[in-house]
Amino acid sequence: MARILITSALPYINGVKHLGNLVGSQLPADLCARYMRARGHEVMFVCATDEHGTPAELAAAGAGKPVAEYCDEMHEVQAGLARGFCLSFDHFGRSSSPENHALTQHLAVKLWENGLIEIRTERQMYSQADGRFLPDRYVEGICPECGYERARGDQCENCTRQLEPTELIAPRSAISGATDLELRETKHLYLLQSKLRERLRAWIDSKTDWPVLTTSIARKWLDDGEGLQDRGITRDLSWGIPAQFPGAPWEGMEGKVFYVWFDAPIEYIAATAEWAHAGGHGDESWRRWWRTDEGAQDVRYIQFMGKDNVPFHTLSFPATLMGSGEPWKLVDYIKSFNYLNYDGGQFSTSQGRGVFMDQALSILPADYWRWWLLSHVPETSDSEFTWENFQASVNKDLADVLGNFVSRVTKFCRARFGEAVPGGGEWGATEEALFQELSCRLASYEGHMDAMEIRKAAQELRALWAAGNEYLQSAAPWAAYKEDPARAAAIIRLALNLIPFYAVLSAPFIPNAAEALQEAMKAEGTPWPEDLRTALSALPPDHEFSVPGVLFAKISDESREEWQQAFAGRR
RNA sequence: GGGCCCGUAGCUCAAUUGGUCAGAGCAGAGCGCUCAUAACGCUUUGGUUGGGGGUUCGAGUCCCUCCGGGCCUACCA
């Protein structure tokens with residue numbers, strides 16, 4: 001038994017996330033957590049809402065609420081959606097928690113003591129009308145290069161030229177449109193990542209099993225131009241973790257908070273502390289996951305995230321932990337994902353294009369989405385959601401291959417033998433062939449899951465389901481029943497035993513359906529099949545069961561077309 | 001501008017990292033079965049691997065070039 005620490009990139013507090021966000025971190029992380037638990041490993045799976053930053057403040061203002069209240073509400077919304085999708089977090093925390101305040105300040109102080117933080121003075125656009133400093137991309141104006149009127153302070157979308165906000169002609173606030181912008185001096189803490197460059201490089205170089213996608217992004221940042229740049233880790237905002245020593249002011253940092261990207265990954269640790277406190281456990285119970293001097297030396301830590309998050313997880317966050325000089329657990333494996341596109345384009349929050357988490361659950365059960373999303377997860381390149389493909393996958397894989405298998409077996413048994421596992425008869429060569437195939441495919445499934453090759457695992461799982469149908473076809477219990485009812489009983493006994501077997505194997509992908517199957521077969525608590533023959537004899541003769549209702553209803557062409565229209569986006 | 005990734009059957013994706021005839025699922029065609037959600041099983045059609053050039057005994061895989069798509073470029077998160 002191993003100890004596995006799993007974190008998913010934190011969903012930003014600002015609004016309901018779409019399916020592309022879900023499949024890019026939380027869902028595959030949940031698959032991993034469920035699988036690892038099923039294999040008997042001790043798992044700590046944490047996630048949280050990422051609540052700080054300018055967009056949260058603006059969204060709260062837009063909703064006419066204090067930002068704390070807005071975050072309270074949105075956290076509950078996101079937590080509810082996470083439950084709806086059966087995301088099995090041990091704890092779903094908040095980056096605004098007291099635990100994160102304390103830990104973020106603690107780490108900043110350590111970095112300061114180690115000479116890895118310094119105060120720098122810089123000049124930044126300030127909008128009097130908005131009463132706030134504006135991040136570069138919140139300043140809009142005319143591009144000095146091409147004359148495009150809606151260029152942003154970081155880059156002109158039209159001619160792709162990189163800009164400074166001060167270069168814009170007729171700059172205005174993207175928030176209010178105010179033009180009374182002025183440059184003001186402001187002081188900020190900078191994390192001196194450049195001093196940690198060689199340590200980070202050595203660490204990245206040691207990760208030989210990481211995908212190219214991950215290491216190449218990290219190396220790019222390490223080596224591009226003048227190498228890894230120091231990074232400002234504070235902002236002039238009111239909502240956030242105050243940039244101060246624990247309980248004491250930090251001279252020059254009055255009224256400033258830490259930058260959201262400094263405190264967000266620290267929340268991985270803090271969320272584990274939140275878990276401990278919520279459960280009444282002592283501090284040692286979370287520290288054994290995160291401190292290599294307090295038990296975490298044998299922990300395997302896996303992070304899940306979209307590719308846009310890679311630089312922060314390969315460089316900034318490790319720099320924070322390394323630079324503290326304290327023995328914090330660093331990530332062992334990063335599983336990063338590409339993007340999911342929607343029907344020939346991108347998901348768009350602003351245009352309402354694509355399916356969002358709340359909408360998805362309002363039209364179909366979570367398992368349908370989980371199966372499609374996981375079996376099409378953008379592992380190697382961007383992938384594409386189409387309604388036709390979704391309908392075909394759900395109908396074929398879930399309804400026809402798995403659902404119908406359960407249906408035909410249980411109904412046949414009920415009609416011929418009643419709702420209990422029939423005894424008698426012998427297993428022969430046909431069953432031997434099935435055992436051979438199942439044991440081969442099971443090993444392959446486990447191999448793919450261990451390596452988190454999710455698409456391949458899904459393919460293998462489907463093949464395991466299909467093997468049940470193949471077996472029924474070749475054993476033909478309906479024919480055997482006429483000549484030799486005992487033989488038919490033996491066949492059906494094995495087929496019935498396949499149902500809890502499938503339930504256990506499928507649970508990481510489709511937990512609700514798996515549970516329904518276990519319940520119907522009265523086989524709750526079935527363990528992972530360590531020995532195939534034992535597992536397929538688990539339901540003994542006379543064990544009662546009930547015929548489950550339709551496990552997966554098919555998606556009709558009418559529904560598909562209706563949804564296709566409904567989610568195509570405004571305009 | 002710079003960097004990275006991708007392009008394989010009508011569709012969604014594989015191909016043990018340069019090595020047998022480029023494989024699966026879906027869709028299409030044919031046959032079989034009748035227990036089942038008109039479900040299942042078997043067989044089968046379909047590819048000059050985006051175009052062109054090169055290296056090699058051998059290229060989907062490496063190099064060059066062109067075409068098409070995507071991502072990153074550090075103050076959105």
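Convention: sequence-line order gives letters A, B, ...; per-chain numbering from 1.
In this structure, B/rU17 is classed as syn because its glycosidic torsion stays within 90° of zero.
Listed by residue number, A/A399, A/D400, A/G403, A/N404, A/S407, A/R408, A/K411, A/F412 are the residues of residues 398-414 of chain A with a heavy-atom contact under 4.0 Å to RNA chain B.
A donor-acceptor pair under 3.5 Å is absent between the side-chain atoms of A/K335 and the main chain of A/P28, judged by distance alone. Side-chain atoms of A/D382 come within 3.5 Å of backbone atoms of A/Y339 as a donor-acceptor pair (strictly under, hydrogens ignored).
Atom CG in A/N395 sits about 14 Å away from atom C1' in B/rG25, given to the nearest Å. Between the CG atom of A/D308 and the C1' atom of B/rU73 there is a distance of 14 Å, rounded to whole Å. When the P atom of B/rC35 is taken as reference, atom CG of A/L472 falls 12 Å away, rounded to whole Å. B/rC40 atom P lies 15 Å from atom CZ of A/F552, rounded to whole Å. Distance CG (A/L496) to C1' (B/rC35): 12 Å, rounded to an integer number of Å. One atom, CG of A/N469, and another, C1' of B/rA39, lie 9 Å apart when rounded to the nearest Å. In this entry the distance linking CG of A/L228 with C1' of B/rA74 reads 9 Å, nearest Å. Atom CD of A/E453 is separated from atom P of B/rU16 by 11 Å (rounded to the nearest Å).
Each of A/L19, A/T386, A/V355 was compared with A/Y342 under the side-chain contact (heavy atoms from CB on, under 4.5 Å) criterion, and only A/V355 meets it.
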For A/H18 and A/F385, run ring pair (Phe, Tyr, Trp, His ring centres under 6.0 Å): C-alpha distance rounded to whole Å, both residues' side-chain angles, the deciding distance at 0.1 Å, then the answer.
CA-CA 12 Å; A/H18 57 61; A/F385 176 92; over 10 Å; no
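A gap of 30 Å separates the P atoms of B/rC4 and B/rC11, to the nearest Å. Between the P atoms of B/rG3 and B/rU8, the separation comes to 25 Å (whole Å). B/rC26 and B/rG41 are spaced 8 Å apart, taking the P atom of each and rounding to whole Å. Remark: the separation of the C1' atoms in B/rC6 and B/rU49 is 14 Å, to the nearest Å. Straight-line distance between the C1' atoms of B/rC66 and B/rG30: roughly 44 Å, to the nearest whole Å. If you take atom C1' in B/rA9 and the same atom in B/rG52, they sit 23 Å apart, rounded to whole Å. A gap of 14 Å separates the P atoms of B/rU20 and B/rA15, to the nearest Å. Distance noted for atom C1' between B/rA22 and B/rG7: 16 Å (whole Å).
Going from atom CD of A/E561 over to atom CH2 of A/W387 covers 12.0 Å, rounded to the nearest 0.5 Å. Distance check, rounded to the nearest 0.5 Å: CG of A/D400 to NZ of A/K554 gives 3.5 Å. Summarising the geometry, atom CG belonging to A/N100 is positioned 11.5 Å from atom CZ belonging to A/R94; distances are rounded to the nearest 0.5 Å.
Nucleic acid contact class of A/Q459 (heavy atoms, under 4.0 Å, all strands): none. A/L551 comes within 4.0 angstrom of a base, heavy atoms only. Using a 4.0 Å heavy-atom cutoff across all strands shown, A/Y481 reaches no nucleic acid atom at all. Among the protein residues, A/N341 comes within range of no part of the nucleic acid, since none of its heavy atoms lies under 4.0 Å from any strand. Note on A/T54: only backbone sugar-phosphate atoms sit closer than 4.0 angstrom, heavy atoms only; bases stay farther off. At a threshold of 4.0 angstrom between heavy atoms, the contacts of A/P477 with the nucleic acid are absent. Across all strands shown, A/V550 has heavy atoms under 4.0 Å from base atoms, whether or not it also approaches the sugar-phosphate.
You'll find that the side chain of A/K456 is closest to B/rA14, out of B/rA77, B/rC26, B/rA14. Taking the side chain of A/N389 as heavy atoms from C-beta on, and the options B/rA74, B/rC42, B/rC11, the nearest nucleotide is B/rC11. The side chain of A/Y12 has B/rA77 as its nearest neighbour among B/rA77, B/rU12, B/rG25. The nucleotide whose nearest atom lies closest to any side-chain atom of A/Q473 is, among B/rC35, B/rA77, B/rG70, B/rC35. Taking the side chain of A/Y190 as heavy atoms from C-beta on, and the options B/rC35, B/rC76, B/rC75, the nearest nucleotide is B/rC75. For A/Q124, counting side-chain heavy atoms from C-beta on, the closest listed nucleotide (B/rC75, B/rC33, B/rC11) is B/rC75.
Contact annotation: A/Y259 side-chain N/O to B/rC76 OP1/OP2 distance is not under 4.0 Å.
A residue-by-residue look at A/K554 and A/A392 shows that A/A392 has its nearest nucleotide of RNA chain B further toward the 5' end. Each of A/P55 and A/K396 has a nearest nucleotide on RNA chain B; the 5'-most of these lies closest to A/K396.
The shortest distance between side-chain heavy atoms of A/F509 and A/R462 does not fall below 4.5 Å. Using a 4.5 Å heavy-atom threshold, the side chains of A/N389 and A/W372 count as touching.
Under a 4.0 Å N-O distance rule, the pair A/E437/A/R441 qualifies as a salt bridge.
Stem regions for RNA chain B, each three or more consecutive Watson-Crick or G-U pairs with both distances under 3.5 Å and listed by first number, read B:1-7 with B:67-73, B:10-13 with B:23-26, B:28-32 with B:40-44, B:50-54 with B:62-66.
Nearest approach of A/I13 to A/C71, heavy atoms of both residues: CD1-O, 3.7 Å.
Looking at A/E384, its side chain has no donor and acceptor atom pair within 3.5 Å of the base of B/rC11.
Residues A/F317 and A/F312 place their aromatic rings such that the two centres sit no closer than 6.0 Å.
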